[in-house]
*Asks:* 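Take a look at this one; I'll ask things after.
Sequence positions, counted from 1, serve as the residue numbers for this chain. Just so you know, ligand 1 is whichever comes first in the structure, and atom 1 is the first atom listed for that ligand.
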Amino acid sequence: MAEVLLEDLSGVGPATAEKLREAGFASVEALAVASPAQLAACADVGESTAAKIIASARAAADIGGFETGDQVMERRKLVGKVTTGSETFDALMGGGFETQSIVEMYGEFGSGKTQVAHQAAVNVQLPEEEGGLNGSVVIIDTENTFRPERIAQMVEGLPASDRPREPEEFLRNIHVARAYNSNHQILLAESALDLAEKLKKSGKPVRLLIVDSLTAHFRAEYVGRGTLADRQQKLNKHLHTLMRFADLNNAVVLVTNQVMAKPDAFFGDPTKPVGGHIVGHTATFRIYLRKSKGEKRIARLVDSPNLPDGEAVFSVTTAGLLD
Ligand code: GTP
Ligand code: MG
């Protein structure tokens, strides 16, 4: 299928195309799912022009309509799976972390959320025969917990293979950005769409986006009852950007979430993840992680559209995630 350029859309000249790209709308697909107000605000065009641009993007991208069940089945055939590194954890997830989905991992500190994310960043780069998607990775790091050294250890710890593996090679395919606050985090998710668009034809398209942690900034910045609605609205918009990322790139979006450390008046249950039902309803899979003896961790699948709930025990070792 020939690629449609922004310039091919009616109402979009070279200057507008440039503005749109700068605003993060790198492709016709990205434009097709934008709202006129959103476009008007960030690309400096009137709302009626914005509406026209979106309409022609929708026509060109051929998205936004109803699909029949068999078409959905066709699209589902493109779903890829990334191995977690542990057979029992993979089995729990129906074969691994699924693309076209948001996977939320929540649990208390030290439960292994960041470790699982690091392992996924390694594994997604493997060829399909080895449980990967031959893809690259984008990480939005809000807590400064990305460690290249840990990636290198995990690469060394991979099961034996005939293919040569260089930790540097794996690190080159991981694009990391620190997010300094929630607004910055939201913007980075939008630039991730851009970066993924650029890497689409690189031979290593982005197949995994990690946001670690999804909720920490939101939780720290929006304190108290009066700010809750505002927080949930921002979080909701952010999650929709992430879902769009998963769909447009046939990628896994892996996000981490903390559980409330102490019960407070407005949130109640101390083992409930932050963000409540907003995150819960948007995430495709929710995994509750908890510590067990020593290196052992327990993953519980809490919510999934097509898999039974259940638990898996795995280990976090120096070599990475293992059974
Ligand atoms: P927060 O981000 O604080 O909420 O925690 P988290 O759930 O992200 O925890 P994280 O994934 O950082 O897990 C940290 C734990 O992983 C440590 O307490 C160790 O038990 C284990 N771990 C981390 N690095 C290594 C390592 O190199 N070797 C081994 N054996 N275990 C490790
Ligand atoms: Mg962490």
*Asks:* Given Phe97, which of Val116, Asn123, Val253, Leu208 fulfils the side-chain contact (heavy atoms from CB on, under 4.5 Å) condition?
*Replies:*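 The side-chain contact (heavy atoms from CB on, under 4.5 Å) with Phe97 is passed solely by Val116 among Val116, Asn123, Val253, Leu208.
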*Asks:* Suppose we measure from atom 14 (C) of ligand 1 to each protein heavy atom; which comes out shortest, and what is that distance?
*Replies:*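 The protein heavy atom lying closest is Gly110 CA, 4.0 Å.
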*Asks:* Verify the distance test for Thr256 against the Mg ion (ligand 2): any N/O/S atom under 2.8 Å, yes or no.
*Replies:*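 No.
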*Asks:* For Thr88 and Ser86, which I'm curious about, is there any donor-acceptor pair between the side chains at under 3.5 Å?
*Replies:*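 There is such a pair (donor and acceptor under 3.5 Å, judged by atom type) between the side chains of Thr88 and Ser86.
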*Asks:* Any Lys/Arg nitrogen of Lys234 or Glu221 sitting under 4.0 Å from an Asp/Glu carboxylate oxygen of the other?
*Replies:*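 No, this pair does not count.
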*Asks:* Tell me, which protein residue and heavy-atom name are nearest atom 20 (O) of ligand 1, and how many Å apart are they?
*Replies:*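 I find the closest protein heavy atom is Arg297 NH2, 3.0 Å.
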*Asks:* If you measure from each heavy atom of Thr145 to ligand 1, is any distance below 4.0 Å?
*Replies:*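 Heavy atoms of Thr145 never come under 4.0 Å of ligand 1.
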*Asks:* Within ligand 1, which atoms have a heavy atom of Glu295 less than 4.0 Å away?
*Replies:*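 Once the distances to Glu295 are compared, the set is 30 (N).
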*Asks:* Can a donor-acceptor pair be found between the side chains of Gln115 and Arg150 at a distance below 3.5 Å?
*Replies:*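 Yes, a side-chain donor-acceptor pair sits under 3.5 Å.
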*Asks:* Answer yes when Arg21 and Glu197 have at least one side-chain N-carboxylate O distance shorter than 4.0 Å, and no when they do not.
*Replies:*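 Salt bridge: no.
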*Asks:* Heavy atoms only: which of Gln119, Gln115, Lys113 lies closest to atom 4 (O) of ligand 1?
*Replies:*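 Minimum heavy-atom distance to atom 4 (O) of ligand 1 goes to Lys113.
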*Asks:* Would you tell me whether Gln185 and Ser182 have side-chain atoms, one donor and one acceptor, within less than 3.5 Å of each other?
*Replies:*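 The criterion, which ignores hydrogens and geometry beyond distance, is not satisfied for Ser182 and Gln185.
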*Asks:* Of the listed options (Asn257, Thr142, Val316), which comes nearest to atom 22 (N) of ligand 1 when hydrogens are ignored and any heavy atom counts?
*Replies:*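 Answer by nearest heavy atom: Val316.
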*Asks:* Charged N to carboxylate O under 4.0 angstrom, Arg178 versus Glu143?
*Replies:*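 So Arg178 does not pair with Glu143 through a salt bridge.
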*Asks:* Less than 4.0 Å is my threshold; does some heavy atom of Glu108 fall inside it relative to ligand 1?
*Replies:*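 Yes, Glu108 has a heavy atom closer than 4.0 Å to ligand 1.
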*Asks:* Under 4.0 Å from a heavy atom of Phe109: which atoms of ligand 1 are those, numbered in the order shown and with their elements?
*Replies:*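 Answer for ligand 1: 1 (P), 3 (O), 4 (O), 5 (O).
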*Asks:* Are any of the N or O atoms of Gly112 closer than 3.5 Å to those of ligand 1?
*Replies:*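 Looking only at distances, the answer is yes, because the N/O contact criterion of under 3.5 Å is met.
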*Asks:* Could Lys19 and Glu22 be called an ion pair, given the rule that one side-chain N must be under 4.0 Å from one carboxylate O?
*Replies:*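 Judged by the 4.0 Å cut-off on N to carboxylate O distance, Lys19 and Glu22 do not form a salt bridge.
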*Asks:* Identify, by atom number and element, the atoms of ligand 1 in contact range of Ser111, meaning under 4.0 Å from any of its heavy atoms.
*Replies:*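 The atoms of ligand 1 under 4.0 Å from a heavy atom of Ser111 are 7 (O), 9 (O).
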*Asks:* Any atom of ligand 1 sitting under 4.0 Å from a heavy atom of Gly107?
*Replies:*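 Gly107 does not count as a contact of ligand 1 under the 4.0 Å cut-off.
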*Asks:* Can you list the ligand 1 atoms lying under 4.0 Å from a non-hydrogen atom of Glu143?
*Replies:*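 Those qualifying, in numeric order: 2 (O).
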*Asks:* Arg150: heavy atom below 4.0 Å from ligand 1, yes or no?
*Replies:*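 Yes.
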*Asks:* Could you list the atoms of ligand 1 found under 4.0 angstrom from a heavy atom of Gln153?
*Replies:*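 Ligand 1 atoms under the 4.0 Å threshold to Gln153: 27 (O).
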*Asks:* Is there any N or O on Gln258 that sits under 3.5 Å from an N or O of ligand 1?
*Replies:*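 For ligand 1, there is no N or O atom that lies under 3.5 Å from one belonging to Gln258.
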*Asks:* List the atom of Leu92, the atom of Glu311, and the distance in Å for their closest heavy-atom pair.
*Replies:*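 Residues Leu92 and Glu311, closest heavy atoms: CD1-N, 3.5 Å.
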*Asks:* Within ligand 1, which atoms have a heavy atom of Thr114 less than 4.0 Å away?
*Replies:*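 Under 4.0 Å from Thr114, ligand 1 has these atoms: 2 (O), 6 (P), 8 (O), 11 (O), 12 (O).
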*Asks:* Please determine whether ring pair (Phe, Tyr, Trp, His ring centres under 6.0 Å) holds for the pair His217 and Tyr180, giving the CA-CA distance in whole Å, both sets of side-chain angles, and the decisive distance to 0.1 Å.
*Replies:* CA-CA 8 Å; His217 282 318; Tyr180 293 99; 8.2 Å; no
*Asks:* Are any of the side-chain nitrogens in Arg165 or Glu130 under 4.0 Å away from the carboxylate oxygens of its partner?
*Replies:*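 Looking at Arg165 and Glu130, the cut-off is met.
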*Asks:* To the nearest 0.1 Å, how far is atom 28 (N) of ligand 1 from its closest protein heavy atom, and which atom is that?
*Replies:*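 Result for atom 28 (N) of ligand 1: Thr318 OG1, 3.2 Å.
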